[in-house]
Amino acid sequence: QEDEVTLTAVMHSGLRVLDPVITTAHITRNHGYMVYDVLTAVDENFEPQPQMADWEVSEDGLTYTFTLRDGLMFHDGAPVTGADVVASLERWGERDSGGQLIFDVTESLEATDDSTVVWTLTEPFAPLMDVISKQSAVPPFIMPARVAETSADETITEYVGSGPFVFNEDEYEPGVSVTYEKFDDYVPREEEPSWMAGGKVVNVDRVVWTTMPDNLTAMNALAAGEIDYLEQVQIDLMPILESAPGAVVEMRDPLGYVTIGRPNFLHPPFDNKQIRQAALAALGQEEMLATMQGDPEYYKVCGAIFGCSTPLGDEAGADIVTGGPDPERSKELLEEAGYDGTPIVLMAPTDVVSLVNQPVVAAQALREGGFEVELQSMDWQSVVQRRAQQAPIGEGGWNLFFTNWMVPEVSDPLINVMVNGRGDDAWFGWPEDTEIEQMRSEFVAAETPEEQKEIAVRIQEHVMDNVNYIMMGEYLIPQARREAVQNMIQSPVPVFWNLTKEAE
Amino acid sequence: MFGYILKRLLATIPVLLIVAIFVFLLLRLTPGDPAAILAGDAATPAQLERIRDRLGLNDPLYIQFFTWFGQMLKGDLGTSLISNTDVVSMVADRLGPTINIAVMTIVISVLLAVPMGVIAAWRHRTWVDFLVMSFSVLGFSVPVFVIGYILIQIFAIELRWVPVQGYASPSDGIGAFFSRAILPSLTLATIYVALIARMTRASMLEVLGEDYVRTARAKGVRENVVLFRHALRNAAVPILTIIGTGFALLISGVVVTESVFNVPGIGRLTVDAILARDYPVIQAMILLTAGIYVLVNLLVDISYSFFDPRIRY
Amino acid sequence: MTEIPTSRHSAFQVLTGLFSLPAGARIGAGPMIAAVVLVLIVLASILAPLYVPYDPLAMNAMARLRPPSDEFLLGTDPYGRDIFSRVMTGGRVSLLIGIGAAVVSVAVGLIIGLVAGFFRAADGIIMRIMDSLMAIPAILLAIALVALNGPSLGSVIIAITIPEVPRVVRLVRSVVLSAREEPYVEAAIALGSSMPKILIQHLMPNTLAPLIVQGTYICASAILIEAILSFLGAGVSTEVPTWGNIMAEGRSYFQLKPGLIFWPGLLLSLCILCINLLGDTARDLLDPRMKKREG
Amino acid sequence: MEFKSKDFTDKQRVLKIRRLKVGLTGRPAAQPVLNEIDLDIRAGETHCLVGESGSGKSVTSLATMGLLPKDALEVQGGLIDLEGFEITNATPNQMRELRARRIAMIFQEPMTALNPVLRVGEQIEEVLNMHTDLSQSEAKKRTLDIMEQVHLPDVERVYSAFPHQLSGGQRQRIMIAMALVLDPDLLIADEPTTALDVTTQLQILKLIAEMQERHGTAVLFITHDMGVVAEIADTVSVMQKGRIVERAPIRELLTNPQEDYTRKLLEAVPNLAPRPPRSEAAAEDVLTVDRLDKTYGGGGWFRKSEGVHAAQDVTFTIAAGRTLGIVGESGSGKSTVARCIMRLIDPTGGEVRVAGTEISQLSRRQLQPHRKHLQIVFQDPYRSLNPRWTVARSLCEGPINFGTPKDEAMTRAAELMELVDLPRDALDRYPHQFSGGQRQRIAIARAVAMQPDLLVADEAVSALDVSVQAQVLELLEDVQKRFGIAMLFITHDLRVAAQICDEVVVMQKGQVVEQGPAGAVLSDPRHPYTRSLIEAAPGRHWDFANFRALSGAPTAQGATA
Ligand SMILES: Nc1ncnc2c1ncn2[C@@H]1O[C@H](COP(=O)(O)OP(=O)(O)OP(=O)(O)O)[C@@H](O)[C@H]1O
Ligand SMILES: Nc1ncnc2c1ncn2[C@@H]1O[C@H](COP(=O)(O)OP(=O)(O)OP(=O)(O)O)[C@@H](O)[C@H]1O
Ligand SMILES: [Mg+2]
Ligand SMILES: [Mg+2]
């Protein structure tokens, strides 16, 4: 027992929800990858790869057959069967927006035997493999059927998976710390690991995740060697680690995040396209990113709504935000639109570090661009509740808020919720945008990557013109580790297989 | 005595009841929706609505209140809306660190502050008095988190005497516990020391002017005996009182120090719960802290009679 | 005939003395310095807009976290705003919060306390409610209240005030309860004075001295609580600079750019130090029990 | 009357004070508090220090003990010699050694002079622990022994009692035991009996004398009560404004005082023989108290507590222009009766009729119009006036409440100031700018301003010096005569009662034990309690004002010359 290797990692947030299907929270998704396995997963080239199962697609593109590999076993010792897979996919399909689209065209989904699952569609759904292999927001994790039968609106209460780590329920303290043990019976694939695909070989005995509410404390703890790994490093604080022996700062996730602003289409003034465009003109990516990140190495001015380094990413029509703030243009547009000086209610969260800066910088820029701005500070929970309010401004409504996404969460028109144009059914802000819906249907129907790309570019142009949302650029968050921790997989999701920890 | 304790315990019931109603209403008026945090960024309105239904958040307020209240009477504080864990066990896990650190803080504070206050009063209007008072006013003037950072910088980073952060329970070894608990305790103690030293001084000044102190001196009693045997015991009641009411300050301080030193205690739990609108947890926590506060002050009141035989219940 | 003044009236003597400083009143150098420093800080804060070199809100993403220089006297913050301008302007709101919280809680507490102290019938209920308010941890209540109303200046003041009110109520009530046993109050009853008249003319002035002392402490602790609320993310909006939120914003930079915490912290601590010192002095001077030893 | 008359010249001198000067710390130029004091006390001698309040008696005693409050007072010259040891230069340690062994002190307030949180036995034993090497059990034995000597009952029990569990007299016995346990050569007693009942006072005085006899202790006894002086002194020093103005053996001082000041002091002592009765004009009754009852407390949440029967079945009447006195020891219920009559508290039974109206059952509101018929003057002149109000405002408060216009009230206030012999311009001053006697005059003026039918004076002169007391009593009589007010006069001082009352009611434990014309009750008491009260009055056979024994007293003047 003495030479058990424990890895202590400080994660970006406390784990509170243990059900990776019910929530989109990143920390819960990360937890999902520890405990559960997935059927298939994209690799670093965004190519779906087999994980628990191989698959075959029929000629007509209507039948998908999945075959589970041998040796798959849940932590309680039961083998993974086709029934488990079906139940898990069905629960996931109720929660995930991509999943919902697939189930809309599903004829049947059944386990034909213990290791085979057949998915039959009523019409072809080209991106099906991309959707079920996606890394975020909700990947379809496979659970035992009895667990997966829990209603999709209720959280599960049993945490048994077939992933490479076992969740230690006794040592779990919600929001504070969670402990995972190596699952000795896990059989990794043979392939080299790449993102969530490939062999998941565990080289440590225990992984402990904790949170530290104070950034500085976490940095000091890593510098002092009290922890092994720090998921997110505040850029400005990097000098603390630079001078600390044994600490390494590096990039793990090459894609990073986007930060965006979302206007409310229901109420003046942002129900007016020209005024939305004025806002776009008033804002400048560089100013905002620099304030958030400081060091230009860790941000990227980028106007591609699907991300600059993704297959569908394209910066068409984006110079208006990438070219720096243009208050004059903004004023002109406001003039033309007949802006009457109604103040814009801009919601500013105070308690989420990664979201504090944007509204403050934006408020300043918008004012310079001729807007009246009412910056309303509140905690993130209040933002979350308020942004769901469709009421007019005077009755608890809002005009603009900012949030962040991981690049893989916005990387195509199906995943990216902000390009949904279905009015009341759309994401907060509720644009009623038939053109974009049309383009999204075309995207689903598209058969080749080239075709998809072409549609994506049109969506990009449309979004820049119509200002469905304001792309404020990409940024990267480095991680830090002790030198003794090595071989961590480069991926948007921090995963703890493959890595090794030497004695320090 | 027993009758008095019983009476006081009964008297806490209305207090806690008012706290319960107040907090319940306050929380339901506060914007925020636990269903939204549960479901995450991309949830649709229909999904949220269904989750709210499940959590009982769509019931009329009074039904929610009586459901919660009825369960509470049965000792069931419910389950966290967010993490779906039993509130009682959640709180139980977090209580230890806070209580241990609080106790250590009180011990440190009393051991430091009382002699300080006594000496300041004894040497009233001399440089000793000035020094003690300056220190105690200073302890009152610097925000807790700044004190915490300074202590970390000096003792953990520069001197490397103790770890930067974390908590170990005494069962993990006394050394581990002390090395991690000492800085948070000291941080919290600065306010408390200031408070107690100040009150000790004031109370001692008053007592030192009393006739029986003069009597003691007239008996030829040594000065330290005069101070600690004759005067201090008589000065004890206000000091105890301030220890009791200062407990509220301690709870406030705990919230901050637990963040700075990464202690998994109830202060952080409560703040997190408030920010996540995890109603059952907030309700339980505020009731718990209010209960502890009331209880501590009851203990303080009872301890009066230990120091002052005139007080009998 | 010489008479040794009893404690009761010396309290009053000293109170009048506090404002007119009669011959023989001894106020040490400490409180004098404190008063001067405090006045300087208050003036500097109020007049800040007249002399600070930059708009405290003006950002410059390209000039973030600059070290002190001729251009930026104390350097810049993570938004590229001038720290000097922010710190000096920040005092206005911090002091406003301190004074606002002190005035509001003293005023509200005074009214409730007088009522509780005088009307036996109301006393029980009022004190139970006050006990309850006191039992709720101030910070948690404040966070919840700020979450409820949004972190505006007003709601921060209210959030700080509510937990302080019960303390003031208790103080006022205890003064009223003891003062109403005074022979001069009984004499007033015998002279046919009505209850409200006795309450306002005889009893209320007794609460003045302790309230002044209490007020200084509330003022000082309000400024501190504002800082803690900011630290916990429930403070005043960053568009309104206060010492508290400047420090809270700078807290991550404690090791790298201590100025962000040091300067507002210094002014804040100096201020509180002075207020406390003056409060203590007032207490020493006003509290009859303190005088006893010398008298 | 019998005086002590032993000659001490051959005895060893215990205390010798020469040209002692005490002043405010650090202000040698200021008026000194003690100015060139000389004092000698020899073994076995009782030396009394008398003088008005503030004359420096206590400061003298504290200087001798080396207990002057350092930050306020300091010795600025002279010497204090205790059996050859110079106290003014002693180090704190030397002083500490001296105390309790060679010099001990008893203070006025037995209530506050004992540490309330320590058992009394321990407090005595502490002296032994400090100054001797006695073992624990020996110390306890000695303690119990000395407690026996001061006639404490049930010493084992008292040993482990706390001060608040003992009566005032018992506490003072503890103090004496503590002072005498190491057999000091000098005992200083600063007003040791002033706070006690006359009967208890007598016992304590006897005890001190007995202990002195037994141990040969020299006693410096401070008092302002001439009666006490007459009882116990061998020699007397009279102090005035920090000086000793006269010193003489007791008999000489009482029969033939040299100084005007001494003479004035003695003349002011009221006579214990009742004054001649006033003619009984057929006036109507202003106050009728009928079977008045008051029980404090009782009730309670969990158990019914007993409650204190502070007044039971009290019945009396007072006619206009007459004075009725209520006397009795502390706690006998005097104030309770007064406060019931004033309706400051609500009686639990019986009737109170003032100027024809039954007021005991009226509500506050109904009572209000009747308030002007009855007024009260309290004991404590410092606390009965609102310190924040000018005299004028206090004087006008009542009349304005009853609808007098403001300027009219002011004019009336000015007249009243004249009536009570204070300058008109004093109206704009605050209470603290007056002496105690003056303040009591203002309080009387305030009461009189309402032109009441009944004036209640609850210990109205007890807090005042004898000389001031005499003036205030005079004023009360004067006011009564002028306005024909009926007066209820409450006092524990039989001398005062004898001089001012027409009728006297004697109370004990809440009950009236005897009542009747003052002359009858005080010179021919029927109830044993009244008798014991009168017998305990110190110096009761001496007519201080006339420097001779009371005529008709059992022991004639010169019996022990
Ligand atoms: N601590 C002190 N500081 C300043 N002056 C004092 C102090 N104590 C006493 N005095 C002054 O010394 C004088 C003598 O006071 P002292 O207490 O000896 O009077 P006393 O004769 O004992 O009067 P009483 O009969 O009222 O006890 C008074 O004028 C008093 O004001
Ligand atoms: N408010 C009260 N509550 C309960 N008991 C009281 C109260 N006031 C007085 N007593 C009790 O009633 C009894 C009579 O008290 P009262 O004050 O009338 O005596 P007194 O004769 O005026 O004594 P003194 O001469 O000391 O003024 C005492 O035993 C006292 O303890
Ligand atoms: Mg005296
Ligand atoms: Mg009385």
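Convention: sequence-line order gives letters A, B, ...; per-chain numbering from 1. Since we're looking at a predicted model, the values are computed, not measured.
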Participant: Please flag which part of A:Q100 lies under 4.5 Å from any non-hydrogen atom of chain B: side chain, backbone, both or neither.
Facilitator: side chain
Participant: Check the pair B:R268, A:T211 against side-chain contact (heavy atoms from CB on, under 4.5 Å), reporting the backbone distance first and the verdict last.
Facilitator: CA-CA 11 Å; B:R268 254 175 79 192; A:T211 34; 3.6 Å; yes
Participant: Can you measure from CD (B:Q165) to CE (A:M219) and round to the nearest 0.5 angstrom?
Facilitator: 13.5 Å
Participant: Heavy-atom cut-off 4.5 Å, strictly under: side chain, backbone, both or neither for B:I157 against chain A?
Facilitator: side chain
Participant: Determine whether A:D214 and B:Y149 satisfy the following criterion, side-chain contact (heavy atoms from CB on, under 4.5 Å), listing intermediate values before the conclusion.
Facilitator: CA-CA 11 Å; A:D214 195 288; B:Y149 287 143; 2.6 Å; yes
Participant: Between A:S151 and B:R54, is any side-chain donor less than 3.5 angstrom from a side-chain acceptor?
Facilitator: yes
Participant: Does A:E226 reach the main-chain N or O of B:V164 with its side chain, forming a donor-acceptor pair under 3.5 Å?
Facilitator: yes
Participant: Pick from A:N220, A:N420, A:L216, A:T403: which one has the most heavy-atom pairs with chain B under 4.5 Å?
Facilitator: A:N220
Participant: Where do A:A224 and B:R160 come nearest, in terms of heavy atoms and distance?
Facilitator: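 Closest approach of A:A224 to B:R160, heavy atoms only: CB-NH1, 3.9 Å.
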Participant: Please round to the nearest 0.5 Å and tell me the distance separating atom CZ of B:R52 and atom CG of A:D153.
Facilitator: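 CG of A:D153 is found 12.0 Å from CZ of B:R52.
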Participant: How about B:N262 and A:T217: does a side-chain donor come under 3.5 Å of a side-chain acceptor?
Facilitator: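 Distance-only check fails for B:N262 and A:T217.
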Participant: Which residues in residues 278-289 of chain B have any heavy atom lying under 4.5 Å from a heavy atom of chain A?
Facilitator: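 So far as heavy atoms go, nothing in residues 278-289 of chain B approaches chain A to under 4.5 Å.
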Participant: Can you check side-chain contact (heavy atoms from CB on, under 4.5 Å) on A:E173 and B:S83, steps first, answer last?
Facilitator: CA-CA 10 Å; A:E173 280 191 45; B:S83 70; over 6 Å; no
Participant: Using a cut-off of under 4.5 Å on heavy-atom pairs, state which of A:T210, A:D425, A:V383, A:V176 scores highest against chain B.
Facilitator: A:V176
Participant: Between B:S259 and chain A, with a heavy-atom cut-off of 4.5 Å, which part of the residue counts as in contact: side chain, backbone, both or neither?
Facilitator: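 The answer is both parts of B:S259.
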Participant: Mind checking whether A:P174 and B:R94 have side chains closer than 4.5 Å, heavy atoms only?
Facilitator: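 Sidechains of B:R94 and A:P174: no contact.
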Participant: Looking at B:G148, B:G166, B:P163, which has the largest count of heavy-atom pairs under 4.5 Å with chain A?
Facilitator: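 The answer is B:P163.
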Participant: Considering only heavy atoms, give the residues of residues 178-186 of chain B separated from chain A by less than 4.5 Å, sorted numerically, with 'none' for an empty result.
Facilitator: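 Those residues of residues 178-186 of chain B which would need a heavy atom under 4.5 Å from chain A do not exist here.
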Participant: Please lay out, stage by stage, how B:D272 and A:R16 fare under the test side-chain contact (heavy atoms from CB on, under 4.5 Å).
Facilitator: CA-CA 10 Å; B:D272 287 348; A:R16 291 193 181 77; 3.0 Å; yes
